[in-house]
Amino acid sequence: MELKIFPTPFDLAEKFAEEMIRLIRESADSGKKFTIALSGGSTPELLFSLLGEQYARAVSWKNVHLFWGDERCVAPDSPESNFGMTKRKLIDKIEIPASNIHRIKGEEDPAIEAVRYSDEILSITQRRSALPLFDLVILGLGDDGHTASIFPGNLDLLSSEKICDVATHPVSNQKRITITGRIINNASRVVFLVTGKKKADIVEKIINNRAEALPFPASHIAPAEGLLTWYVDKESASLL
């Protein structure tokens with residue numbers, strides 16, 4: 001695991017944007033598809049804004065395939081939609097084939113959509129150990145220690161045999177569709193983007209492998225054959 005600490009959320013987003021562009025270029029140079037599972041949240045929103053505004057023409061996006069690690073069961077034009085946010089901040093500003101955008105259809109029946117999206121992931125990604133292999137999975141960290149839509153009290157999603165499954169938010173009871181822990185941990189690269197003082201206690205427990213971190217789903221993200229990097233700002237790292 002690698003830990004990178006930045007003074008501000010903007011510095012964090014800027015450095016990771018540069019890293020993403022480097023990875024996309026390397027993939028393009030080798031003639032390979034580059035598959036990314038994106039995250040929602042304020043820090044990814046800042047990242048996507050930077051990519052859309054400063055790096056739209058920095059690379060060819062034609063070999064990049066965009067997926068989502070999770071999605072709320074809402075329409076794509078809902079303000080709560082992870083896809084909708086990414087579309088406004090990034091997709092509308094880059095030249096990427098429509099066939100390379102693989103959104104979770106949050107407006108459909110969740111159980112049926114989880115199966116359909118699993119099949120779509122399988123049809124595009126490479127495999128490792130018979131599981132989908134993403135080149136990059138971007139994750140956030142919730143105030144309760146959740147990541148993707150794997151919440152505390154629902155740790156079975158970490159070891160589920162399914163590629164995607166239906167989750168329920170513990171407070172709002174909103175249905176969500178999420179990739180499962182085995183798929184995240186099979187990726188070539190997994191990156192957490194974490195900002196804000198509210199996350200400091202959870203970050204400290206996870207990074208220092210404290211027993212109190214075990215109920216947090218994010219603490220169980222540990223790619224067996226991939227790279228795990230935590231990009232955190234000064235505030236979220238304040239207890240380290």
Side-chain angles (χ1 to χ4, degrees), residues 1-4 12-13 15-28 30 32-41 43-44 47-48 51 59 61 63-71 82-83 86 90 100-104 114 117-142 145-151 155-165 167 176-194 206-207 216-232:
M1 186 195 73
E2 187 176 15
L3 175 67
K4 297 187 176 184
L12 182 158
K15 288 300 182 184
F16 185 60
E18 293 172 1
E19 176 68 5
M20 271 188 68
I21 294 301
R22 184 186 69 80
L23 293 172
I24 291 169
R25 280 181 180 149
E26 286 182 357
S27 181
S30 63
K32 296 179 181 178
K33 290 184 291 190
F34 191 75
T35 54
I36 311 173
L38 303 173
S39 173
T43 309
L47 168 68
F48 301 154
L51 287 168
V59 291
W61 297 87
N63 71 316
V64 178
H65 286 258
L66 302 180
F67 292 84
W68 278 260
D70 70 321
E71 182 61 277
N82 288 339
F83 164 78
T86 311
L90 177 61
N100 289 20
I101 301 166
H102 309 276
R103 78 173 181 92
I104 300 172
Y117 201 59
S118 298
D119 291 340
E120 186 163 353
I121 289 172
L122 279 171
S123 73
I124 300 295
T125 58
Q126 295 182 320
R127 310 280 178 88
R128 179 162 58 198
S129 303
L131 295 175
L133 171 60
F134 281 104
D135 294 300
L136 174 63
V137 174
I138 300 173
L139 297 174
L141 176 70
H146 84 265
T147 194
S149 280
I150 305 175
F151 297 97
L155 297 184
D156 59 313
L157 288 175
L158 291 165
S159 57
S160 172
E161 295 293 318
K162 297 179 180 179
I163 296 170
C164 298
D165 211 338
R176 300 187 180 188
I177 295 167
T178 185
I179 59 175
T180 59
R182 289 203 313 152
I183 306 308
I184 297 172
N185 282 329
N186 197 51
S188 292
R189 293 174 183 267
V190 179
V191 175
F192 277 94
L193 304 180
V194 186
I206 293 176
I207 297 299
F216 304 145
S219 73
H220 298 269
I221 302 305
E225 298 180 59
L227 301 174
L228 173 63
T229 309
W230 284 72
Y231 279 69
V232 301

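Because the structure is predicted, anything quoted here is derived from the model rather than measured.
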Which is it for V194 and T43 under the side-chain contact (heavy atoms from CB on, under 4.5 Å) test, yes or no, and what are the steps along the way? CA-CA 7 Å; V194 186; T43 309; over 6 Å; no
Can you classify the ring geometry of W230 versus F192 as parallel (below 30°), tilted (30 to 60°) or perpendicular (above 60°)? parallel
Point-to-point distance, once rounded to the nearest 0.5 Å, from CD1 of I207 to OG of S219: 10.5 Å
Does the side-chain contact (heavy atoms from CB on, under 4.5 Å) test come out yes or no for C164 and I121, once each step is laid out? CA-CA 9 Å; C164 298; I121 289 172; 3.7 Å; yes
Hey, does the side chain of T147 reach the backbone of A218 with a donor-acceptor pair shorter than 3.5 angstrom? no
Sequence neighbours left out, what passes side-chain contact (heavy atoms from CB on, under 4.5 Å) with T35? Give chain and number order. H65, F67, I124, T125, F134, D135
Please name all residues satisfying ring pair (Phe, Tyr, Trp, His ring centres under 6.0 Å) with F83, sequence neighbours left out, ordered by chain then number. W68
Taking all heavy atoms of I150 and all of G181, pick out the closest pair and write down the distance. CD1-N, 3.8 Å
Mind checking whether I177 and S149 have side chains closer than 4.5 Å, heavy atoms only? no
Any side-chain heavy atom of P132 within less than 4.5 Å of one from L122? yes
May I ask you to say whether R22 pairs ionically with E18, meaning some side-chain N is under 4.0 Å from a carboxylate O? no
Test of understanding: with side-chain contact (heavy atoms from CB on, under 4.5 Å), list the residues that count as partners of N63, not counting sequence neighbours. I24, S27, A28, F34
How many angstroms lie between atom CD of E71 and atom OG1 of T178, to the nearest 0.5 angstrom? 10.5 Å
If you measure from CD1 on I179 to CD1 on I163, what distance do you get to the nearest 0.5 Å? 10.5 Å
Please round to the nearest 0.5 Å and tell me the distance separating atom CG of D156 and atom NZ of K162. 10.0 Å
Would L158 and I221 satisfy side-chain contact (heavy atoms from CB on, under 4.5 Å), going step by step from the backbone distance to the final call? CA-CA 9 Å; L158 291 165; I221 302 305; 4.3 Å; yes
To the nearest 0.5 Å, what is the distance between CZ (F16) and CD1 (I21)? 10.5 Å
Using the test salt bridge (Lys or Arg N to Asp or Glu O under 4.0 Å), find all partners of E225 that sit at least two apart in sequence or belong to another chain. none
Heavy-atom pair with the smallest gap, counting every atom of F151 and R176: CZ-NH1, 3.6 Å
Any donor-acceptor N/O pair, N82 side chain to D70 backbone, under 3.5 Å: yes
Measuring from atom CG of L12 to atom OH of Y231, what distance do you get when rounded to the nearest 0.5 angstrom? 8.0 Å
Should we say atom CD of Q126 is surrounded by more than 12 heavy atoms from elsewhere, each under 6.0 Å from it? no
Measure from the side-chain N and O atoms of N185 to the backbone N and O of H220, and report whether any donor-acceptor pair falls under 3.5 Å. yes
The criterion is side-chain contact (heavy atoms from CB on, under 4.5 Å); which residues satisfy it with E161, sequence neighbours excluded? R182
Taking salt bridge (charged side-chain N to carboxylate O under 4.0 Å, His left out) as the cut-off, I'd like each qualifying pair that reaches into residues 117-133, sequence neighbours left out, listed once. R116-E120
Indicate yes or no: does E19 engage K4 in a salt bridge with an N to O separation below 4.0 Å. no
Mind running side-chain contact (heavy atoms from CB on, under 4.5 Å) on M20 and L47 for me, showing each step along the way? CA-CA 10 Å; M20 271 188 68; L47 168 68; 4.0 Å; yes
Residues G40 and P44: closest non-hydrogen pair is O-CG, 3.2 Å
